[in-house]
Amino acid sequence: MKWFCLVLLIAVCSYEYARTRTADQDPYLITDYSRLHPVKVERVTEGREVQQLIRILQEAKDKRLTVSIAGQRHSQGGHTYYKDGIVIDMKTYNNILSFDPSAKVIRVQAGATWKDVQDKINPYGLAVKTMQSQNIFTIGGSISINAHGRDLHNGSLINSVESFRLLTAGGEIKNVSRTENKELFSLALGGYGLFGIILDVTLTLTEDEVYRMTTEATSVQDYSCYFKENILLDGSVRMSIARISVAPEGFLTDMYAMNYRKDPGLPLAEHHTLKEYEQGVIPSKIMFHVNRSSDWGKNLFWSTQKLYFNSQQNVIVSRNNAMRSESAFMEYRGTGTNDLLQEYFIPVDEFAGFVADMRSVLLQENLNLLNISVRFVQKDEEAVLSYAREDMFALVCLFNVPLSDKEQAKIKPAIQKIIQEVIRHRGTYYLPYAAYPTQTQFQTVYPRQKEFFEGKDRYDPEHLFMNYFYEQYRGDGNHE
Ligand SMILES: Cc1cc2nc3c(=O)[nH]c(=O)nc-3n(C[C@H](O)[C@H](O)[C@H](O)COP(=O)(O)OP(=O)(O)OC[C@H]3O[C@@H](n4cnc5c(N)ncnc54)[C@H](O)[C@@H]3O)c2cc1C
């Protein structure tokens, strides 16, 4: 009977999944990964070369239009477009300009992706220091949100940036580094496209290495101690990611940690070939849809994940491959709903207390939480809008949400309640996601926001570069 129910559920979910697949976005409107707030823009123009970009800025000024800058548009709060403005799509501005393997330095145009970088450097035994958990994102988009990932020792992405060239609102090209135009270094890295077009970036690299990945069961209660004693103190652990159960059985208490230990006994030459394709995407998608659909499905999905986690012992993987993580199974195109991210950064010692308080909020609110992963980010004092004022755990929460205005109006206060708990635990939240937090919450979490917006006024007094992040949080003060 149990098996019959399981097969029936999977069949219904597969049908539902296929039925709700829909075209991404209305072709006459633009939005981003979130599919929230579609607007009409003047046009989307592909970035091709510097003189063309300078001409676009001049045209925008002459016609009193705004300019927004887009990479893969995986940010989710209208950071890459603005109504009636010009959107510059930088994906086509993507050459690798120079690469010096002995100095471990690469210079790339901003529209290149991490995959482009990995493909270039992998044959030389080199790897990226810090990037997201996937390699699809553009370098310009990644440094403009100051990304982070599974790496434990290289900090957020700003640490890997040596310099970049910025095309400013005045049409000038500025070299920006820690010594030249250094104020812009801290503003435009994590600057959400508001200070100019990042043309090209010089990144420092590290050695590719071979890791032995093992998975261990832990719990929310024990995780901070477990992490400090077994992960941080063990210098051989180079990368780590943990998952918290969102199933009703073990809700926000059970955890699994996946740790990547360097194994110098394993020769890189035997393990460095880059994997190109994800395996088992369709069955994983169906199981994830089961997780999306009901509490029963969540219990089933977590039980299946536990079997998988327990089987993941001594998996041998190169650093470059561990950073090309598999995620296609999470891509979702539901009609009228979407899976959206929210991310909270919590000081290491506050972790268990915060998760317990978030659990209380979630038990009262009607939010469909699909997944929480936990990574570690080192303190960063360089970026003006730094999210890591001390060493933090980053809790990436994936929610399935309805997209209608009416339903979104219910999601917003629920997320704001979670943010209150974040604030009580000295935490911060990530800015590339939907603008649910209030302006007051933003100002509390980002005390240097005043400096950020004053910098914007100085470097772009006519507000040529514009997006909805600016409008929501600089705004008119009414965004509560
Ligand atoms: C499924 C998913 C997984 C994610 N995983 C992670 C993760 O592991 N770690 C993490 O830190 N974040 C993560 N994010 C968050 C974040 O949205 C992405 O890292 C991201 O969007 C960056 O790349 P992009 O090319 O999509 O940038 P976009 O979203 O296109 O742009 C991001 C910002 O950068 C600006 N920008 C883009 N190019 C330039 C340029 N050339 N010059 C100036 N400004 C520019 C844009 O205006 C915008 O404000 C994830 C998001 C999703 C949807």
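Both backbone and side-chain heavy atoms feed into the values below; hydrogens, waters and symmetry mates do not. Numbering of ligands and ligand atoms starts at 1, following listing order. Residue numbers start at 1 and run along the sequence shown.
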Is it the side chain (CB and beyond), the backbone, both or neither of [X] that lies under 4.0 Å from ligand 1, heavy atoms counted?
X: Tyr33; result: side chain
X: Ala147; result: both
X: Arg150; result: neither
X: Val396; result: neither

Between ligand 1 and [X], can you find any atom pair, the residue atom being a heavy atom, that is separated by under 4.0 Å?
X: Phe469; value: no
X: Met131; value: no
X: Gly196; value: yes
X: Lys91; value: no

Hey, does the Lys NZ or Arg CZ of Lys456 hover above the aromatic six-ring of Tyr470, less than 6.0 Å from the centre and inside 45° of the axis?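 That pair qualifies as a cation-pi contact.
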Does the plane of the ring in [X] sit parallel, tilted or perpendicular to the ring in [Y]? Use 30° and 60° as the thresholds.
X: Tyr387; Y: Tyr430; result: perpendicular
X: Tyr468; Y: Tyr82; result: tilted
X: His289; Y: Tyr332; result: tilted

Geometric N/O contact [X] with ligand 1, under 3.5 angstrom:
X: Gln134; answer: no
X: Thr80; answer: no
X: Gly71; answer: yes
X: Tyr430; answer: yes

Which residue and non-hydrogen atom of the protein lie closest to [atom], and at what distance in Å?
atom: atom 41 (N) of ligand 1; value: Ile198 O, 3.0 Å
atom: atom 4 (C) of ligand 1; value: Phe137 CZ, 3.6 Å
atom: atom 21 (O) of ligand 1; value: Ser75 N, 3.1 Å
atom: atom 35 (C) of ligand 1; value: Ser144 CB, 3.6 Å
atom: atom 9 (N) of ligand 1; value: His148 O, 2.8 Å
atom: atom 24 (P) of ligand 1; value: Gln72 N, 3.5 Å
atom: atom 40 (C) of ligand 1; value: Ile69 CG2, 3.5 Å
atom: atom 2 (C) of ligand 1; value: Leu341 CD1, 3.6 Å

Inspect the contact between Glu207 and Arg319 and indicate whether a charged nitrogen and a carboxylate oxygen are less than 4.0 angstrom apart.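 Salt bridge flag = no for Glu207 with Arg319.
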Any salt bridge between Glu462 and Lys61, counting N to O under 4.0 Å?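 Salt bridge absent between Glu462 and Lys61.
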Please determine, by modelled atom types, if [X] and [Y] share a side-chain donor-acceptor pair under 3.5 angstrom.
X: Asp151; Y: Thr130; value: no
X: Glu209; Y: Ser318; value: no
X: Tyr256; Y: Gln312; value: no
X: His37; Y: Gln408; value: no

Measuring from [atom], which candidate in [options] has the nearest non-hydrogen atom?
atom: atom 51 (C) of ligand 1; options: Gln132, His74, Glu343; answer: His74
atom: atom 15 (C) of ligand 1; options: Phe195, Tyr468, Tyr433; answer: Tyr433
atom: atom 38 (N) of ligand 1; options: Ser68, Gly141, Gly47; answer: Gly141

Which residue, Lys182, Arg178, Arg448, forms the salt bridge (Lys or Arg N to Asp or Glu O under 4.0 Å) with Glu382?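 One option only clears the test, and that one is Arg178.
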Side chain to side chain donor-acceptor pair (under 3.5 Å) with Lys129: which of Asn159, Asn154, Thr204?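 One option only clears the test, and that one is Thr204.
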Please say whether more than 12 non-hydrogen atoms of neighbouring residues, nucleotides or ligands are located less than 6.0 Å from CD in Glu381.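 No, the 6.0 Å shell around CD holds no more than 12 heavy atoms from other groups.
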Measure from the side-chain N and O atoms of Asp119 to the backbone N and O of Asp116, and report whether any donor-acceptor pair falls under 3.5 Å.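 Side chain of Asp119 to backbone of Asp116: no pair is present.
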